[in-house]
Structure formats: C-alpha cells, structure tokens
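Below is one structure, written out as structure tokens; the observations come after it.
In this chain, residues are counted from 1 in sequence order.
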Amino acid sequence: MVQKSSPRTNHIRGQFQGLSNLQIVSAIFNGCLGLVYLCLAFWILEENLRKTHIALPLDQWLLVLFQGFIWLLVGLVVSLRGKQLSRGLLRLLSILAFLLAGIVCVLSLVTAISSQKVPVKTVLDILSLPGAILLLLCSYKYIYEERENRSNEDDLNTPLNFEASDISKSGSGVLVTPFAEARFFSKISFWWLNPLMKKGREKTLEDEDIPKLREADRAENCYLLFLEQLNKQKRAEPSSQTSILWAIILCHWEEIFLSGCFAVLKIVTLSMGPLLLNAFILVAEGKESFKYEGHLLAISFFFSKCIESISQRQWYFRSRLIGLKVRSLLLAAIYNKQLRLSNSARLMHSGGEIMNYVTVDAYRIGEFPFWFHQTWTTILQLCLALLILFHAVGLATIAALVVIILTVLCNVPLGKLQHKSQSKLMVSQDERLKASSETLVNMKVLKLYAWETHFKQVIENLRKVEFKWLSAVQLDKAYHSLLFWSTPVLVSSATFVACYFLGVPLHANNVFTFVATFRLVQDPIASIPDVIGVTIQAKVAFARIVKFLEAPELQSAHVQQNCNMESMNHTIFINSAKFSWEENSPKPTLRNINLEVRPGEKVAICGEVGSGKSTLLAAILGEVPKIQGTIKVYGKISYVSQTAWIQSGTIQENILFGSAMDSDRYRETLERCSLVKDLELLPFGDLTVIGERGINLSGGQKQRVQLARALYQDSDIYLLDDPFSALDAQTATSIFNEYVMEALSTKTVLLVTHQVDFLPAFNSVLLMSNGEILQEAHYQQLLASSKVFQDLVNAHKETAGSERLTDFSSTHRQGTSSREIKSTYVEKESKAYKGDQLIKQEERETGDMGLKPYMQYLNQNKGFLYFFIACLSQLLFVAAQILQNSWMAANIDNSNVSTLRLVLVYMVIGLASVLFLLGRSLSTVALGLRSSESLFSELLDSLFHAPMSFYDSTPLGRILSRVSYDLSIIDLDVPFSLVFSVTSTSNACSTLVVLAIVTWQVLFVSIPMVYLATRLQRYYFASAKELMRINGTTKSFVANHLAESAAGAMTIRAFDKEQQFFTKNLGLIDTNASPFFHSFSANEWSIQWIEIVSAAVLASASLCMVLLPPSTFSPGFIGMALSYGLSLNMMLVRSIQKQCSVANDIISVERLNQYMHIPSEAPEVIEGNRPPTNWPAVGNVEIQDLQVRYRPNAPLILCGISCTFEGGHKIGIVGRTGSGKSTLIGALFRLVEPAGGKIIVDGIEISSIGLHDLRSRFGIIPQDPTLFNGTLRYNLDPLCQHSDQEIWEVLGKCQLQETVQKKEEGLDSLVVEDGSNWSMGQRQLFCLGRALLRRSRVLVLDEATASIDNATDMILQKTIRTEFADCTVITVAHRIPTVMDCTMVLAISDGKLVEYDTPVKLMKREGSLFRQLVKEYWSHSQSAELH
C-alpha cells in the first residue's frame, strides 16, 4: 500500500531540494547558535529578576539578546535566502559577520585566559567564528553559482553559427582570466587562480587552456594609453622632446602608488617582529607586563606574519603586472616603429639589433618594476632596523651605521664598473646576434660556398669579446653578492665590539633583538646586488630602446590614397625630382626625374644593371627620400618586389593578405597567375603551410604567389619589379598575356623588365641609365631614335640566335577551366591538415623533467665540481652562522665567559664565514662561465652541422630566440639562481633545524606543515612548468613575426597593411603575455599559502614556549629560536622563489638542448678519404640512377636520373618551374643526400668524401644572390685568399669595375645587411665575381643571370665562355638563349629525365620538350608584339 504525500510535505521538500549540504549545515548551525544566544539572554534576565527583582544591568542580557537575534536573522537569511539578496549586500553581511565574530572570539578568549573561567557566553563566542566562516562560504557559493548561470545563459544565447556573429573579445567565445571578474577577497587570496591550478594538476596544460588577459592588461590598451600620454606631452610642450619614460610612469602611476602602499605595509609589519621578540624574551625572563602576555604575543606573531604575507604578495603581484604592461607597450612600440623606419635609421639599427630590443631589452625592462620599490624599501627597512637597534644597543648602533655606510661606499665604484661592463656586454651581444642572424638566414649559401667554418669562427670571435664582458659582469655580481651577504656578519661583529668598548650590557633580549633584526634585513640587503644589476640592465636597455624609438621615420606623405580616379588626369606625376637613399649624399641616386603616367597606361622600365629602375619604383612608393621636385601618386597601390617576400602561413593567407575571401575573384587570380597546376602538386593545395621566406616553394612559384597577392587586392596602380626573371618562358608568356594585358587592362602598370620581347605591348618605355631617364617613348619610336636602346635590343637578338627559330609558329596555351580550378580548390580545402605540414609546431618539453635539465647544465665543463664547491661553501657558511649564534645564546648569561671573549669568538667565527662566502661567489661565477662557454659551443656546432632540411622546416625566430633570450638567461641568470636556490633552501632548513632543536615540541606542528608546504609546491609546479614552457614557445611567435615583417616592410607599406600587421603583432604579444601573467600569479599563490604555513609554525613554537614551564628554555635559546623563527617565512619564501626562479630559468637550458642534438650532416672532412689537391682535374660528372626526396616519407623529387656530363662540356638544364632543376644542383652539392643512386665526379663518388672537400672544389653562382654585411672585398673574398689586384681584375670582367671605382672607399665600400644598397643585378654580378676568383673545374650557374639585362648577360656569357673554357659548366636557365650554345642540354619534367642531347639534335626532334620550350620562348615575344 503506497501512502500519498500531502501537498504540505511536498512544499517543504521543494523548499529544501534546491539547497546544498553547505547551506543546510550553515542554516542549522547558525540557527541553533542564535537560539542558544536568545535562551541565554532570557536566562540571564530571569536570574537577575529572581535575585535582585530588577532587570539591571542591561548590558548583561540585552547585549546577548541583540547578538542572538542578529545572529539568527543573518544566519538564516544568508544561508537560505541568499539568492534573493544583491551580491553587494550578501558580501557585506557575510564579511561583517566574520569580522565581528573574529573580534568577539579573540576578546572572549583573552577574558577567559585572564579570569581562568570558561562561561557559556565564551563558548558561544568561540563557536560564532566557525558559524561566520560557514556564512562566508555560503555567500561566495551563491556569487559563484550566479556567475556560472550567467555564463551558461550567455552560451545558450550565443548564435550557433558563431563564425558569422561578431563575438566580443570578452564574450563567451573567448576564455578570459577569472581575475577580470574577481572581487576583493578573491584577489587578496588569489582564489581566482584555483581553476587553472586544478586543471594543471589534472592534465598537461596546452596553449588553449590558458585564459586571455583582461581588457585593461592587453597590449592594445597599454599602447593606446601610452600614445595618449605622449600626445598630451606634445600638446603641453610642442617645442620640447617628449619623454618616453615619463609617459610610461604617467600610464601606470596609480598601480605604482598602490603597490608602493602594500610595500610600506609589508615593511611596517616586518619591523614589528623584533619588537614582539624583545617583549617575548622579557616575558620568558619573568618580566611580563600583564598576565597571559605571552599568549597574546604568540597570537600577534601569527597575525602580523599573515598581514606581512598578504601585503608582500600584493606588492609583488601588482609590480609584476605593471612590468608586463610596460613590456607589452614597448614590444608594440618597437614593432610599429620598425615598420616606419627610414633608410638611414635602418643602417643604424640592423635586423639583429631590433631582434635584440624585442627578445632581450624589452623583457629586461619588464622585469624592472618588480624591483623598483625595493630600491627605496630597502633604505626604509634599514632605517627602521637602525631605530630598533638603537632601542636595543644604544650608541653601539653607530658602529653598525658606519659599516653599512662603508658597504654602500664600496658599492659605488662596483656599480659604475658593472654599468660599464653591462653596456659593453649588450653591445657585444648585439654584434654577435647580428652576425648569427645573417649567418642563419644565409646558411644555404654558406654551405654551397663551403664558408661555414669561416663564418662560425667569426661568430666564435664575437662570442669571445662578449664572453670577456660577461666575465666582468658576473665577477661584479659576485663581489656585490659577497659584499652584501657579509654585511650582517660584519655589522653584528662591529656592533658587539662597540658594545664592549662603550660598556653597553649584553643580554638575551637586546642581543637577539639585534640578531633578529639583522636576519630580517639580511634578505633585502642580499637582494641589493640583484636590484643594482636589474636597474643597470634596465637603464642600458631602456636607453637603447628610446634611441631606437626616436630614430627618424619614412616621410611618404606624397602618397595620396582613395582619390576619385575618374576625375584624375594622371595617377603618377613626378616633376624635376631628385631622390637619394643617403640623405646627405653629394650625388643623388635618381636625378632629373620627370614622369607622368595616366590612368590605365602601361609603362615599361628598362636599362642596364644599377641604372636605378628599382629605385624609381621605391621612390613612387615613398621609400626613397626626395631631395627636390614634386611627386604625386593617386590611388591604391599593389607592389611586387624583385626578391619575393612570402609570409609564414598558408598560400591562401599569402594571396588574401588580410582581405576577405571572394571565391570567384580568388579562383580567377589563381588562373591568371598559373598557380592551379602547382596547387595540385602541393600536399594541401592552397592550404599548404609555406616555410619561412617561402622555403618550400621554387623561385618561380614564390614570384607567382606574389603576383597573385597583388592582383587579388584589386588596386589602381601596379608596380611590378622584374617579376618574370624567375619564370620559364611559357609561364612568363602566359602571365604577361593573362595578367598584365588582360587582368590589368584598365589599371596603371609600371613594369621593370630585362625582357625586351614584352616591350612592344606597352604604351611607353622608359629607358634608364645611371640614375636618369634617358628617354621615354613607344617601343618603335625608341628603337628608331635611341642608340642605347638599339644596342639593348640587338644584344637580346644576338643572345637568342633567333634565326634558328623562323620555322616555328606561335603556340597557344591551354587555359584551365574555371570548373577545374573550383574542384581543385574545394578538394584541397577538404583534404587540408590531414597529413604532415613541412613547418611543425614548435616543440616543447612536457611534464616534470626532473633533474634532467640540471644534469645537462652541470655536466658542462667541470660544472659539477664548481657546483659542489659552491654548495659546500654555503653549508659551511650556514654552519658558521648557527655556531656563531649558538655560542652567543649559550654564553650570554654565563658569568664564566667574559664579554671580551664572548665578542671575540663571535667575531672570529663571523670572519671565517665571510671566507666561505668568497668561495661560494667565485665558484658560482666559474660554474656559470664554464657552462655558458660549453653550451654555446655545442649549440653553434649543432646549428652549423645541421642539414638544410632543418632550416627549411624551422622558422628563424625559433633559432634566434634561443641564441638571444635563452642564451642571455643561461649566461646571466642560471648560475646565480641555481646556487641561490641551494643557498635559500639551506637557510630555510637551518631555521627549521634550530627551531626543532630548541623546542622539539614544535615538530608536531612543523612536520605536517613542511609536508603540506612540499605538497603545495608540487601542486604549484605541475602548472608552473607548463606555463613557463608555453611562455617560451609563444615568445618565438613575437620574434618570428618581427623578423618576417622587417624583411617585408616595403611590401607591407606599399599595400598599406601596417595596421593589419600591427594588430596581429598585438595579438601575439597578448598570447605571450597571458602564460607569463598566470605564471607569476601562480608563483604568488604558492608563496602566500606557504607563508601562512610558516606563520603557523612560528606561532605554535612561541605557544610551546609559553605553555611549557618557564625553566624549560633559557632566554638566550628562546631568543635564538625566535630570531630564526621570525625569518622562517622569509627564508621559506626565498627558498620557494629561488626554486621557482631556477625551475623557470632552467627551461632555457631545455630549449637550447632541443637544438644541441640536431641530426648532423655528413662530416666536413673524412681524413681517410680525402680527394687529391687537384680534384676535380677533368670535371667529368657521372649521375647514376639518382633519386632524391626531401623527407623520409615524402614523394621522390628526382626519380632515377642517369646521365654523364663530360669534362669541359657546357651543360644546360631546362624544364618548367618546379620540375626539379634546383634539386639536382642541391644533390650535386649534397645539400640533400640521395635516397638512391650516386654521383661520381672524376672517378670519386661524392658521398664518400667530406662535405667541405666536395663543396670547396665546386664553383656556384646561386639562385638568390646574397651579400653579407661588411666591405666589398670581404664579400668577394671572405677567406682573404686573393690580392687586391686579382679582385680588381675580376670586377672588370664582371662589368662592376667602373661602379666600384666611382665610390670613394673602392674595395672597402660598405655593403649593408642583405646587400640592400646594391641592386639585384649588381648582387648577381658580385656572385659571378666569387666564382671567377675560385676558378673551379666544375661551375654551376643556378639561374644566375635572371636579374641582368640582355646586354650585360651577353658580355657575361662571353666572359664565362672565355674564363671557364676548359671547365664543366652546368647552367640552370629560364632564358633559353643562355643554353643555346651549350654542348649538351638536359631536359627535366616532374623529376624525370626526358631527354639529354645536343641542342641542334633536340631542336630537330619532333615532340622534344626542349624544342617546345624554345618555341614557347620565341612565341611570347611575338604575342607581346600583338598587344
């Protein structure tokens, strides 16, 4: 039989169903407590009436009645009806109840102890505290649930198609840090961090687990605030220079002031410790002021330590946050500046230096706010300490003051010395990084020339200079450390000697007040070297960044955007203008320029190498300073640079370049740029990730991606700087017809070209020479009137030998249908990201690596020995300190020991401990220097012996962040943080040991507390290590983006995309800042809880001393124990901080180690198998079934090629773009090892000899002409193997002698970074010069004359034929005329050998690929003329 429940029962059940167990317990507990209070009030009233017949005194029962009524009301309302109250009222009620209960509880306890009675009221008052805690928990549970519900509602209200909806930055689409919404209690206790810490404990944290920063802390907000302050300064004082430092201070003065207030609170509460200790020893000696004073002092110890902890944690946390914001705004400012840097400023600030500003200097400045308050709080703390000392030892304080002043005075010259060394170190670091950056970027060229050893030596020599200054900086640091660590020892010795001579009596209370005070001041004093070091580093770094931010910018105000093109008569108007790259140069780069281009006009620009063609385009873009004249440009510009600039990212991202996707326009762009077939061959189509600088695309593909980017932007003006030089004939013809003549039919086009065939199609042709426009006219007019132009055209016809081709008719290129493109595009999109991309995610270690990275560091160069000496010295120092204080504690009240003997023994032990400090400091420096030297050497060896496949798949920023920031951390920070972590841990352990020996009863509290502290530390490390690793990898993104943007700054400005790139940079800065923010927050979280644990240990030790009989401990040992106990939380915290610091720093060793064991290339030299000195004597190259793939699982690029190049023959290699021509050259130089088959040169298989022996015997003119920072002589002959006369002769043969002679410095003329002060054609001629100097029997020309005009090309071909008459010359060419006079032609298609024969035979063979390519080459000149 089932009984039905009544409606009333259901109602009651419904009332309680929504309540949690916590709320029910709180309601019952507080309700019962309130009722008992009410009952007690009525009972007291009834007793009064029964005994005295009056209700007086009222306070006895009325106060209890009121207390009971309020408690009942608040308890039930907060527990059961909290949801109906506002958040503010709920929080106010619960906090007030907690404070009131706490005060009442403490007062009742004191009264009970003093009266030695425990009435019912006292019991209820004590029980009210847990009741108040329950109410507090209930109210925060309500608030948390409300927030959760609100976020769930937001999630439900978010549109399902969130891609289409505009999600706000702090909306439900983005995980924002709980700190943004945290309230007062949560911020003070770091409670808001618990969800992340819990997640870190449960799983390895990934990038997506880290919440984003709150709005106020993001880079964009910080940077805008900074700009606002700079603008205010400009408005207030327009004539004076704006102060960047003052602007930063004004941005953050409120946070600086608030963190300063917390710092003062911390110092005050810290200074209370010795005063409480003094009172406690007096109580131990039986001189208590009132009963239970000892109990009150023990409780005071606990509360003062808790307040000290909270204030210090807030001070540090807020200072770190200021540092993070300052760093973010500086990173944003540096990035923005480098996009607008003028050419003269670029000479002052190289790419490597700018990288250093970002990866090292900005981070050093970001560290400074953390140390800022310590510059004055240390002085304040010392002053308070001296006041306490004066109270303890009177005039003997003067001795302490004298020693402190002497210490500071000794520090002044040391500080100056360190500042000088630090400045020199940063300059030498810049030089080394500049050379490293240039070397790593051009590693392929170095390997081809076999110059790695020389360039490695250059970097090693620069490192030696850097190492010299590093040694100076580290020794200065060591002396600072010695000076300040020995200060407390020397001060105490001097003071006690002064006490003896002044007759100041020494007792336990004043001696250990003194010792306690100096133990507390020891920490800030010991950190003075760090403060000085960080201040000096920040000052030097800030000066460098300010100098960079104040550097001159490009003035390109003449470029007018968004004009109404229909109303304009011309799009480009230049009148009597002069332009010069060097602003104060007597001879301008361009002179007397007059040019007027109308909308829709097509203008070709031609002329010899170095005539100023590219400079003219740069002038139109506003890149070259105008000296005189007028220049006006109207309309949106698209620019295609001569050297292809490709971003890391997908092909699609490169083409869209920040514009929205329009499928139809995108497909048309792919078709116009002949990219459809290439995309089919790529593993992920247009979603294939391209490596840095387009490393996994051929030269022609890179150029076509650039052309596609320009076309997709749909601009008014197109500036094309020789884009066809890297394309084969068919592709060039097709692109010229479909791209220039059709797609851009209504656009204004300026095309720089050396290909005369295209010129008839243009409205006009500009003929340039020596920085001037010689003539402007239509092709036919120019041909009729200009001798120079006739020579240029005739040179082309001569090189071509066009008479052989008269019987060929023009070919018609088959277009790819739009449907075909569409299907390809869709298929590739769906296949994307299923396989392996070339560019991998940056690797990072995960989980706890244990001692592995420490072992890696200490294994270097006797590291363990120096570390052992440092640890032993530290242990002896700690033992000496304990011995010193034990001697004082044991004999302070011993009448058998005279004061003189007491002080002398104390002083001798102290001086011995200083010697141990000296040993520790010097061994730390030796450890750091030896390990740094060894790690750098291993890293450099590994990078220089890494195969090209490593550089192809690794963005430069990843390597640079390791050789800059990570190496800087290992050089400067790791040795000291490693030894100081041992130092601080041994100090904390010694404190616990002293407490345990003196009051063994404290072990009952301290053992569980230490266990709890270790558990907390482990809990913290689970998240902290991953946060620091993510911080390291995200730092590389910022460096990568900067390096990439610096390389493509001209293109970014031309397309007016500065804001887009700046916004991306802000996002990357925030991505890096977020793990750092949560990392230092987690640090403060762990320290705060550990400090509360240590406060409990101190309070329990002092309670033991109070509760046990007075004769148990002597006042001396009580003083010693508590002087150690007072510094326990500081020692524990310093121990944890230093362990965290070394755990964070050691990640740099992990990161370096990842690149220290890269699988190496073959050895440079194989001693047992070296070729003869005259090898190759003939130059006979035999290729047998050669198979090449770039990665183990990748498809074959060359599929079984077999042929023989006879010695002295001229071999031409032809094929369409991407057919494998350059791969064959790579295999010859063993940049990529064969997967099968072999290459034999003059009877020696090239795989059997060393790489240096192989590469140094071949000559090459590489595809990308590369010049290095330095002089012309250095660029032609870096190994100094040739005389000046030989170099001048070679320059004459390369058509460069006249150009170089015009320069004052001659062979010592400057070549800036990337050789950007020489034209592309001139750079290629210098590369030819290198080949002529080397005189190899085998010479490879890899598309070597692509950027040279036909006349120069003809002279060069003659030079090569003459100079290398008896050599084997292998030529990879796009210009068919280049290979027409070769002995043999090798035609490759899709990695297979199609044909290999003499050009004449191949021309006669039907269906020959070579014949087809020749036909296409000549047909494109005819089709150009049709236009």
Side-chain angles (χ1 to χ4, degrees), residues 163-164 166-169 173-174 212 218-224 226-227 328-341 351 354 358 553-554 556-557 559-562 621-623 633 635-641 644-663 665-666 669 686-687 689-690 692-694 702 705-719 955 957 1034 1037-1073:
E163 288 175 5
D166 183 24
I167 295 172
S168 69
K169 284 178 185 173
V174 175
K212 298 283 176 280
R218 291 181 192 169
E220 183 178 16
N221 200 58
C222 299
Y223 182 66
L224 290 175
F226 170 66
L227 285 186
S328 292
L329 76 85
L330 284 175
L331 289 174
I334 291 166
Y335 181 85
N336 206 22
K337 183 74 181 185
Q338 67 92 26
L339 281 181
R340 297 176 298 169
L341 212 57
I354 297 171
V358 164
E553 295 180 4
L554 278 173
S556 52
V559 178
Q560 296 183 14
Q561 302 284 349
N562 305 325
L621 290 170
E623 296 287 326
V633 180
K636 186 179 167 188
I637 296 175
S638 277
Y639 169 66
V640 175
S641 56
W645 176 70
I646 304 291
Q647 289 173 266
S648 297
T650 65
I651 292 176
Q652 188 184 101
E653 285 165 354
N654 269 279
I655 294 172
L656 296 182
F657 207 45
S659 302
M661 167 60 91
D662 176 339
S663 299
R665 179 149 56 111
Y666 182 70
T669 301
D686 63 348
L687 296 179
V689 175
I690 308 175
E692 199 167 37
R693 304 180 307 282
K702 281 191 273 192
V705 169
Q706 273 213 123
L707 286 163
R709 175 171 63 206
L711 180 59
Y712 190 80
Q713 299 306 309
D714 193 26
S715 304
D716 304 307
I717 302 168
Y718 282 77
L719 306 179
T1034 51
F1037 299 158
V1038 180
N1040 270 341
H1041 187 59
L1042 177 90
E1044 201 166 67
S1045 303
M1050 192 165 163
T1051 303
I1052 293 166
R1053 287 192 292 267
F1055 283 94
D1056 197 23
K1057 296 284 182 182
E1058 293 102 311
Q1059 189 55 47
Q1060 176 193 314
F1061 274 75
F1062 181 57
T1063 306
K1064 183 182 177 185
N1065 185 60
L1066 292 176
L1068 291 172
I1069 292 169
D1070 287 339
T1071 303
N1072 176 226

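For the pair Lys636 and Gln713, the tightest heavy-atom approach, listed with the atom from each and the gap, is NZ-O, 2.8 Å. Taking each heavy atom of Lys702 and Ala644 in turn, the nearest pair found is CB-CB, 3.7 Å. Counting all heavy atoms, side chain and backbone alike, Tyr712 lies closest to Ser659 at CE2-CB, 3.9 Å. When all heavy atoms of Asp714 and Arg665 are compared, the pair lying nearest together is CB-NH1, 3.8 Å.
Ring geometry, Phe657 versus Phe1055: the interplanar angle exceeds 60°, so the pair is classed perpendicular (tilted spans 30 to 60°).
In this structure, Asp686 contributes its side chain and Gln652 its backbone to no donor-acceptor pair below 3.5 Å. Between the Tyr666 side chain and the Leu656 main chain, no donor and acceptor come within less than 3.5 Å of each other.
Distance check, rounded to the nearest 0.5 Å: CG of Leu1042 to CG of Asn1065 gives 7.5 Å. The structure places CD of Glu220 at 7.0 Å from OG1 of Thr1063, a figure rounded to the nearest 0.5 Å. Leu1066 contributes atom CG, which lies 8.5 Å from atom OH of Tyr223 (distance to the nearest 0.5 angstrom). Rounded to the nearest 0.5 angstrom, Ile334 CD1 and Leu329 CG are separated by 9.5 Å.
For the residue pair Gln706/Ser641, the side-chain donor-acceptor check at 3.5 Å is satisfied. For the 3.5 Å distance criterion, the side chains of Ser1045 and Tyr335 qualify, holding a donor opposite an acceptor.
By the ring-ring contact (aromatic ring centres under 6.0 Å, His included) test, Tyr639 pairs with no residue at all, sequence neighbours left out. By the side-chain contact (heavy atoms from CB on, under 4.5 Å) test, Glu1058 is found to be paired with Leu339, Ile1052, Arg1053, Asp1056, residues two or more places apart in sequence or in another chain being considered.
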